[in-house]
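Below is one structure, written out as structure tokens, with a few remarks after it.
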Amino acid sequence: DTAVSQTPKYLVTQMGNDKSIKCEQNLGHDTMYWYKQDSKKFLKIMFSYNNKELIINETVPNRFSPKSPDKAHLNLHINSLELGDSAVYFCASSYRTGRSGNTIYFGEGSWLTVV
Amino acid sequence: AQKVTQAQTEISVVEKEDVTLDCVYETRDTTYYLFWYKQPPSGELVFLIRRNSFDEQNEISGRYSWNFQKSTSSFNFTITASQVVDSAVYFCALSEDRGGADGLTFGKGTHLIIQP
């Protein structure tokens, strides 16, 4: 059983389209994240949710909208895709028990290519 | 603001050599956590270790060892007797309390190539 699973793994789409990436975790964690890895392998946090509440929202275009229907799911919807959105998007999860530092586990990544 | 620096962009060694990956961090917090992750060619991010700022003991796990030194703000990772399967990009990361949910600040990664 995959602990953090995200779908699709590969996505090729045209500019201007709207697409979603889904993420689910079965670890019982209360916090979920989206990270973006660019073509130079640099990883940066985009969003984090704790118990379905948005906690971190880094400088990300409004075209990116996370949705957390419950603690186990955090989906990423992207409107009006642009070439620069091409990247690998990682979902992740962890416990948040009142102290920082709990280990963050990542999904396998979703490779998004905008053409 | 926090920052993680991995000055070595790429390291190439021959199998069975020992190799050390450097990580230097900056933070104003007294409580923080440091991590190492491995990203093999298949692309997933694999957790290797977490260390909190109050525990400066070195850690060894098989061929892997980590040296945490607060005096130099470093958290270096050594692979002993490297193997081809160790070839990957290795990321050092820092976590601070961000108001209810941790976020990781990553270094730019070190691409480790182990040649047979």
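Residue numbers start from 1 in every chain, and the chains themselves are labelled A, B, ... in the order their sequence lines are given, proteins ahead of strands. What you see below is based on every heavy atom in this structure, not just the backbone, and it leaves out hydrogens, waters and symmetry mates.
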**Item:** Between CZ on residue B/Phe106 and CZ on residue A/Phe42, distance to nearest 0.5 Å
**Value:** 9.5 Å
**Prompt:** So which heavy atom on A/Phe90 is nearest to which on B/Glu44, and how close?
**Reply:**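 Residues A/Phe90 and B/Glu44, closest heavy atoms: CE2-CA, 4.5 Å.
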**Request:** Give the minimum heavy-atom separation between A/Thr103 and B/Phe35, together with the two atoms involved.
**Result:** CA-CE2, 3.9 Å
**Prompt:** Can you find a pair of side-chain heavy atoms, one from B/Gln39 and one from A/Lys41, that are under 4.5 Å apart?
**Reply:**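 They are in contact (side-chain heavy atoms under 4.5 Å apart), so the answer is yes.
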**Asked** Is any side-chain heavy atom of A/Ile45 closer than 4.5 Å to a side-chain heavy atom of B/Thr105?
**Response** no
I'd like to know whether [atom1] of [X] has more than 12 heavy-atom contacts from other residues, nucleotides or ligands below 6.0 angstrom.
{"X": "B/Gln57", "atom1": "CD", "answer": "no"}
{"X": "B/Lys108", "atom1": "NZ", "answer": "no"}
{"X": "A/Lys9", "atom1": "NZ", "answer": "yes"}
{"X": "B/Lys3", "atom1": "NZ", "answer": "no"}
{"X": "A/Glu53", "atom1": "CD", "answer": "no"}
{"X": "B/Ile60", "atom1": "CD1", "answer": "no"}

**Fill in**
Honestly, the part of B/Ser53 sitting under 4.5 Å from a heavy atom of chain A is neither
**Request:** Without swapping roles, check the side chain of A/Tyr35 against the backbone of B/Leu104 for a donor-acceptor pair under 3.5 Å.
**Result:** yes
**Message:** With ring-ring contact (aromatic ring centres under 6.0 Å, His included) as the criterion, how do B/Tyr37 and A/Phe106 come out once you've worked through the C-alpha distance, each side chain's angles and the decisive distance to 0.1 Å?
**Reply:** CA-CA 10 Å; B/Tyr37 286 85; A/Phe106 287 83; 5.3 Å; yes
